[in-house]
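These notes are about the structure you will find just below.
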Amino acid sequence: MLNFELQNPVKIHFGEGQIAQLRKEVPRDANVLMLYGGGSIKRNGVYEQVKEALGNRNVIEFGGIPANPEYSKLLEALEVIKSENIDFLLAVGGGSVIDGTKFLASAALFKGDTPWDILEKRRPTKVGMPFGTVLTLPATGSEMNSGAVISRKETGQKLGMGGPGLFPKFSILDPTVIRSIPQRQIANGITDAFTHVLEQYMTYPVGADLQDRIAESILNSLIETGPKVLADQTDYKAAANFMWCCTMALNGLIQKGVPSDWAIHAMGHELTALYGIDHARTLAIIAPRHYQHYIDIKEEKLAQYAERVWNITEGSSREKAEKAIEKTEAFFQSLDIPTHLSDYTDQYAGTAEKVRTALEDRGWVALGERQNVKPDDVQVIVEKSY
Ligand code: NZQ
Ligand code: ZN
């Protein structure tokens, strides 16, 4: 096992009715900016629950944060934070609203020239404005980690940021919010969480037995519970398991003491920047080809995954690895997630070069757990994903 440091200060309130906990978690004398997305919270009862719990606190609302949170929209919210002396942020939404809020938590206290530097110059945020979250869409794990991804249409960029100052003070996870989520977004959530585990697991063995077993348990649970949530969104047991799987997949725990890959996400973000494809779907497009491309060096973990997650016990280690990749792609497809770029756009010619160039321009020329995902590899993987 590799050496590691672990600190995750996020307080979780999990369960039905827990939105009421805002009453005790949001400071009484705070000037609160409540951030939300396109309005789903106004149609599913979440908004009313939040407002009731906040009582007579001083709250200003800022809605309209789009999926793949957009920099220019967030700058409007930053203006409000400054002009209204806001000192506490409350995100009510999915990964996009929470990530947008993390950007604002950082930008509000940022001392440099332009807040875009936080992303472009990869400045880690040591201290941010305090914020809490009410999660409405299980998927990203953003509710219990300190990372965010922000898009900028003007320049066609989608960049990550983070730092120890960007953990939420608290996050409220009420599984009943799942009832109103469109099926497509539930499938996205399952796929995103599944791939988060793979990015931290599908590398090479380092004797981290517990991390492996926890990762495999999350995968097994997602395979079991995902279809149940899709079949019946009012199934509380399935919803609760799905929600906790998504959080556990990216709260830092399974990444400790092990190498991690994250090249699938790096390539995937470029597909979202180019075509606006939902984040999770970009992962389903890239992951199968990425694992095929690196089957030699990932074979041991792929075979272990084949045995422990997919119950593939016959054949050589190589055959098991091959079957595991097929099973993974079939799983995404079973959720109604198409796994080729051409399923999403007719304009895919030249995409591989564009992704290659975007990553190269950023200096990302050695991705993956062994830093061996080079520009040539990126080009081949994306081309094979057409
Ligand atoms: O905007 P509203 O109207 O709320 O509708 C949203 C949105 O259209 C809707 N939705 C959310 N909760 C709902 C609901 N509709 C009905 N009922 C509910 N309860 O779902 C749509 C998608 O929401 P979004 O927040 O964009 O989805 P997701 O949670 O998948 O977030 C995706 C973003 O997170 C980033 C992605 O790159 C992408 O920008 N990620 C963040 C990560 C992190 N911070 O750790 C890691 C991930 O790998 C990922 O990169
Ligand atoms: Zn993801």
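Just follow the structure's listing: the first ligand is 1, and inside any ligand the first atom is 1.
Inside a 4.0 Å radius of atom 41 (C) of ligand 1 there is at least one protein heavy atom. Distances from atom 7 (C) of ligand 1 to the protein include no heavy-atom value under 4.0 Å.
Heavy atoms of Asp99 come nearer than 4.0 angstrom to ligand 1 in at least one pair. Residue Pro69 places a heavy atom under 4.0 Å from ligand 1. Using a 4.0 Å cutoff on heavy atoms, Asn145 counts as a contact of ligand 1. Heavy-atom separations between Pro182 and ligand 1 include at least one value shorter than 4.0 Å. In this structure, Gly141 falls outside the shell of residues with a heavy atom less than 4.0 angstrom from ligand 1. Distances from ligand 1 to the non-hydrogen atoms of His269 include at least one value under 4.0 Å.
Scanning all protein heavy atoms for the shortest distance to atom 29 (O) of ligand 1 gives Gly95 N, 2.7 Å. For atom 27 (O) of ligand 1, the nearest non-hydrogen atom of the protein is Leu137 CD2, 3.3 Å. Scanning all protein heavy atoms for the shortest distance to atom 34 (O) of ligand 1 gives Thr140 CG2, 3.3 Å. The nearest protein atom to atom 48 (O) of ligand 1, hydrogens excluded, is given as His196 NE2, 2.8 Å; this is a heavy-atom distance. From the protein, the heavy atom lying nearest to atom 38 (C) of ligand 1 is Asn68 OD1, 3.5 Å. In terms of protein heavy atoms, atom 2 (P) of ligand 1 is closest to Gly38 N, 3.3 Å.
Rounded to the nearest 10 degrees, the angle NE2 (His196) to the Zn ion (ligand 2) to NE2 (His279) equals 170°.
Residue Gly37 approaches ligand 1 through these ligand atoms, each under 4.0 Å from one of its heavy atoms: 1 (O). Atoms of ligand 1 found under 4.0 Å from any heavy atom of Thr136, numbered from 1 in the order shown, are 11 (C), 12 (N), 13 (C), 18 (C), 19 (N). Within ligand 1, counting atoms from 1 as listed, the ones closer than 4.0 Å to a heavy atom of His279 are 36 (C), 37 (O), 47 (C), 48 (O), 49 (C), 50 (O). The contact set between ligand 1 and Val177, taken as ligand atoms under 4.0 Å from a residue heavy atom, comprises 19 (N). Below 4.0 Å from some heavy atom of Ile181 lie the following atoms of ligand 1, by number and element: 13 (C), 16 (C), 17 (N), 18 (C), 19 (N). Atoms of ligand 1 lying under 4.0 Å from any heavy atom of Lys158, numbered from 1 in the order shown and given with element: 36 (C), 37 (O), 38 (C), 39 (O). For ligand 1, the atoms lying closer than 4.0 Å to a non-hydrogen atom of Ala67 are 26 (O). Contact atoms of ligand 1 toward Ser142: 43 (C), 44 (N) (distance under 4.0 Å to a heavy atom of the residue).
Under 4.0 Å is where a charged nitrogen must lie from a carboxylate oxygen, and between Asp117 and Arg122 no such pair does. Under the 4.0 Å criterion applied to side-chain N and carboxylate O atoms, Arg281 and Asp343 are not assigned as salt-bridge partners. Under a 4.0 Å N-O distance rule, the pair Lys354/Glu270 does not qualify as a salt bridge. Checked for salt-bridge contact, Asp296 and Arg318 meet the test: a charged N lies under 4.0 Å from a carboxylate O. Ion pairing of Glu25 with Lys11 is present here, as a side-chain N (NZ or NE/NH1/NH2) and a carboxylate O approach within less than 4.0 Å. Between Lys256 and Glu5, none of the side-chain N atoms (NZ, or NE/NH1/NH2) sits under 4.0 Å from a carboxylate O, so this pair counts as no salt bridge. Comment: Glu61 engages Lys51 in a salt bridge, judged by a side-chain N to carboxylate O separation of less than 4.0 angstrom.
The aromatic rings of Tyr386 and Tyr348 are tilted relative to each other, their planes meeting at an angle between 30° and 60°. The aromatic rings of Trp310 and Tyr305 sit perpendicular to each other, their planes meeting at more than 60°, with 30° as the lower class boundary. In this structure, Tyr47 and Tyr36 have perpendicular ring planes: the angle between them is above 60°, well past the 30° mark.
For Asn44, every heavy-atom contact with ligand 1 shorter than 4.0 Å involves the side chain, none the backbone. Using a 4.0 Å cut-off between heavy atoms, Leu250 contacts ligand 1 through its side chain alone, with no backbone atom that close.
Looking at Asp192, its N, O or S atom nearest to the Zn ion (ligand 2) turns out to be OD1. Distances from the Zn ion (ligand 2) to each N, O or S atom of His265 single out NE2 as the nearest.
Atom-to-atom distance recorded for Arg57:CZ and Asp29:CG is 9.0 Å, nearest 0.5 angstrom. With rounding to the nearest 0.5 Å, the separation of CD1 in Ile181 from CG in Leu230 is 10.5 Å.
Between the choices Gly94, Ser180, Ser96, Gly64, the shortest heavy-atom distance to atom 24 (P) of ligand 1 belongs to Ser96. Residue Ser40 holds the heavy atom nearest to atom 14 (C) of ligand 1 of all those in Ala139, Ser40, Gly39.
Note: Phe103 and Tyr71 meet the aromatic proximity criterion, with ring centroids under 6.0 Å apart. A ring-centre distance under 6.0 Å is not found for Phe131 and Phe88.
Among the atoms of Ile65, none of the N or O lies under 3.5 angstrom from an N or O of ligand 1. Residue His265 places at least one N or O, backbone or side chain, under 3.5 Å from an N or O of ligand 1.
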Could you go through the salt bridge (Lys or Arg N to Asp or Glu O under 4.0 Å) check for Glu76 and Lys73 one step at a time? CA-CA 5 Å; Glu76 289 172 28; Lys73 186 76 193 173; 3.4 Å; yes

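Between the side chains of Gln304 and Asp212, at least one donor N or O lies within less than 3.5 Å of an accepting N or O. Side-chain contact of Asp99 with Ser142: a donor-acceptor pair under 3.5 Å is present, judged by distance alone.
Both the sub-6.0 Å distance and the 45° axial angle are not jointly satisfied by Lys301 relative to the ring of Tyr204.
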